[in-house]
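Quick note on labels: first sequence line is chain A, next is B, and so on, each numbered from 1. Values below: all heavy atoms of this structure, side chains included; hydrogens, waters and symmetry mates excluded.
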Amino acid sequence: MHGKALPYLLLMPATLFLCVFFLYPFALVAFEAFTRDGGFTLDNFRTMAGNWKFPVAFWNTTLLAAIVVPIQLVTALLMATVVSRLETGRGAALYIFAIPLGISDLAAGLIWLAIFDQSGFLNTLLSNLGLVDRPVMFLGYQSKLTIFIAVVLAEIWRATAIMMVILVAGMGLIPREYHEAAEVFGASPWKRFVKITLPLLRPSLQTAIILRVILAFEVFAVVAALGGTNLPVLMGETYNWQFSLQDRNVAAAFALLILAISVGLTLFFLRALRVPKEARI
Amino acid sequence: MAEIAIKQVAKRFGGFTALHSIDLTIADQEFMVLLGASGCGKTTLLRIVAGLETPSQGEVWIGGRRVDHLPPRDRGIAMVFQNYAVFPHLTVFENIAFGLRMKKLPQQEVERRVNRTAELMHIEQLLKRYSGQLSGGQRQRVAVARALAMEPDVILMDEPLSNLDALLRLEMRAELKGVLAASKTTTIYVTHDQVEAMSLADRIAVMHQGHIVQAASPVEVYRNPAARFVGSFIGNPPMNFIPATKTANGSWTVAGLTLPGPKSDKHKIDFAIRPEDVDAGNEGLHATVRVIEPLGPHTLVTCDVEGGLFRAILESNATIAVGDRLRLAPKADRIRWFDPETTNAL
Ligand SMILES: Nc1ncnc2c1ncn2[C@@H]1O[C@H](COP(=O)(O)OP(=O)(O)OP(=O)(O)O)[C@@H](O)[C@H]1O
Ligand SMILES: [Mg+2]
């Protein structure tokens, strides 16, 4: 009983918890996605894919992720580098950068709505400066591009810090001596970043990117606040089918699709940023 | 031409002074060894020369150029780190090639230099491995090879052979000395192994608590220690010290023996002699044998002299036994005297 079994016994409660509150609901959703009126069918997926909003939602979500995540990655790397170099006040800087993390995505959406709204800060500012005669409709249904840009901005503002925090922790794990050796052997600051920091940061980059990509495909509240239904996204469509159209089976199909995308991308980044065992710090 | 001049360099870490106003000049192509006990500031001094640490005061000059404001990569140096700093994400080959790639040398030249230095360090069969697949001693040799491959004007080595077994260390030591002499490199070599220091150095700088106590040739450091610390730190077993009392001006009594010595207005000074510089005979220091350790051709005899420990290396002689009273005659030209207050040589 002691020895080999003990770790498994200790993991038991957590495993049970996962099974009851995750696997079981997951099985239920999967079951709903593949059935209709009691029989197995792929109709739900056909309905999902056949709806005119589906391709729009799919591309909007993908495009958002493809634009937001790289920008966030670069910004987070920049911020993490700066924060890691601070000799004093590192804690304070981390807290300040991390403030948006404490705000829910809906609240974040509302904050940016207050900026871009017809009677929002931006319009007030522009008219006070005399640049516009009357308020501009930034987020109207014809201005999809502005809505998209507003969502990108809100997402970057909201969720860059999570990547930064992970990267700061990762950079702290890289022993100083490697940077020093690179410095002595002629590497400029940029070369040190590319040849030493980035490769040794791979495990943290992996975590940060996977986490962020999954969150990007689940984008919902920010889009709902800023664009309503003018900018369909996958999660919004799931909500729509579940509550407005009252079709749990198609909603379940959407949920499964998002899950499949997340799992697929996770596997991709696990492989792409894998560090061979012998090359770890 | 790469003469190194360290001028009044001091380093403080908060309230702690790691280096007190160090002055040291290392001639072009000279092999300088920094020798001292753990924590005396060897690594700190080396890092200041490398540019990895900023001195709290003072100047560093390399090849007639003031460098203390320059980043490490502009100083024309290569370095072997005390903790190796072999990059874990690169193979041994790429580790050795790192600096060469930064210099944008052609691939052919990179390969030539990597292979040559790897061969020199006996790691040519490890070139494809990662740092995580190497032993400590192998990692250390990679670090040395990486520095040698740069063919720099100045090479800084922080205990580069500390992790090798005795035999390999002996071999590497000889190889290093040969290579560095042939390549006309100016070397600063940190060690706390005095045998290594003796065998490699053109000059040894003995460090103690952030000071350089003496910088001189190995023989000079051994024969004429500038301070009591040098005598007791160098030599195994170390120098013997016995208090001496003035009998007349320039004449001192040491353990029952009256000897001519320095003229001093002090009443007590320290007499010093190396263990191998005494002979057992009818005249000399009064000694009582405590421990006898045969070393083959010689015997290490530990005695009581004036209530203190005294070690003598004598011709092997089966007749000496524990408890014997001996007279140990010091060789006149090997006697040294030290001021007990300043601990400096008189
Ligand atoms: N970054 C630092 N902050 C504070 N004290 C330091 C720092 N680096 C070194 N010291 C102190 O300075 C002194 C000299 O350290 P240094 O590393 O130069 O010793 P060393 O002679 O190389 O010793 P060893 O033979 O053990 O490597 C030590 O007392 C050490 O505790
Ligand atoms: Mg050291």
Side-chain angles (χ1 to χ4, degrees), chain A residues 73 77 80-82 84-91 166-209 269-281, chain B residues 43 46-47 49-54 67 70-92 94-105 126 128-134 139 142-152 154-158:
Chain A
L73 182 62
L77 274 171
T81 310
V82 173
S84 298
R85 293 239 177 120
L86 292 180
E87 309 231 322
T88 48
R90 183 189 308 193
I166 296 172
L167 296 181
V168 167
M171 285 182 182
L173 291 178
I174 304 176
R176 251 176 78 116
E177 63 205 59
Y178 298 132
H179 294 284
E180 293 184 341
E183 207 175 341
V184 165
F185 285 98
S188 62
W190 171 248
K191 281 275 184 213
R192 293 203 289 278
F193 181 73
V194 175
K195 298 268 177 199
I196 307 295
T197 309
L198 277 188
L200 292 180
L201 200 59
R202 267 205 321 218
S204 310
L205 280 175
Q206 203 179 46
T207 312
I209 291 176
F269 284 113
L270 279 180
R271 266 199 79 80
L273 294 173
R274 197 175 70 89
V275 187
K277 204 163 125 218
E278 62 273 14
R280 287 182 197 152
I281 295 179
Chain B
T43 298
L46 209 63
R47 287 171 57 86
V49 175
L52 296 170
E53 209 84 68
T54 343
V67 296
L70 294 180
R73 65 176 190 279
D74 294 335
R75 297 188 179 199
I77 53 162
M79 184 165 175
V80 180
F81 288 78
Q82 185 166 15
N83 39 20
Y84 326 138
V86 173
F87 303 122
H89 61 295
L90 299 178
T91 59
V92 168
E94 285 305 323
N95 261 285
I96 301 175
F98 188 88
L100 309 176
R101 297 224 190 275
M102 291 297 131
K103 281 210 249 176
K104 299 202 160 62
L105 293 188
L126 303 177
K128 290 203 178 72
R129 295 220 202 151
Y130 287 92
S131 164
Q133 301 166 308
L134 302 178
R139 230 171 276 171
V142 174
V144 175
R146 179 173 63 182
L148 289 179
M150 294 294 283
E151 299 179 0
V154 172
I155 195 163
L156 309 173
M157 300 203 246
D158 201 344

Applying a strict 4.5 Å limit to non-hydrogen atoms, the region of B/Met150 in contact with chain A is side chain

Most contact-rich option vs chain A, by heavy-atom pairs under 4.5 angstrom, among B/Ala85, B/Pro71, B/Gly99, is B/Ala85

NE2 (B/His89) and CZ (A/Arg202) are apart, to the nearest 0.5 Å, by 9.0 Å

Whatever's closer than 4.5 Å to a heavy atom in chain A on B/Ala143 counts as neither

When the 4.5 angstrom heavy-atom criterion is applied to B/Arg47 and chain A, the contacting part is side chain

Heavy atoms of B/Phe87 and A/Ala182 approach each other most closely as CZ-N, 3.7 Å

Under 4.5 Å to a heavy atom of chain B? For A/Arg176 that would be side chain

In short, B/Pro88 meets A/Leu200 closest at the heavy-atom pair CG-CD2, 3.6 Å

When rounded to the nearest 0.5 Å, the distance separating CZ of B/Arg73 from CZ of A/Arg192 is 6.0 Å

Nearest heavy-atom approach of A/Glu183 to B/Pro72 is OE2-CD, 3.4 Å

What one should report as the nearest heavy-atom pair of B/Ala78 and A/Phe185 is CB-CE2, 4.1 Å

Output for pair (A/Lys195 NZ, B/Phe98 CZ), nearest 0.5 Å, gives 7.5 Å

Which of B/Val86, B/Asn83, B/Leu52 passes side chain to side chain contact (heavy atoms under 4.5 Å, CB included) with A/Glu177? Answer is B/Asn83

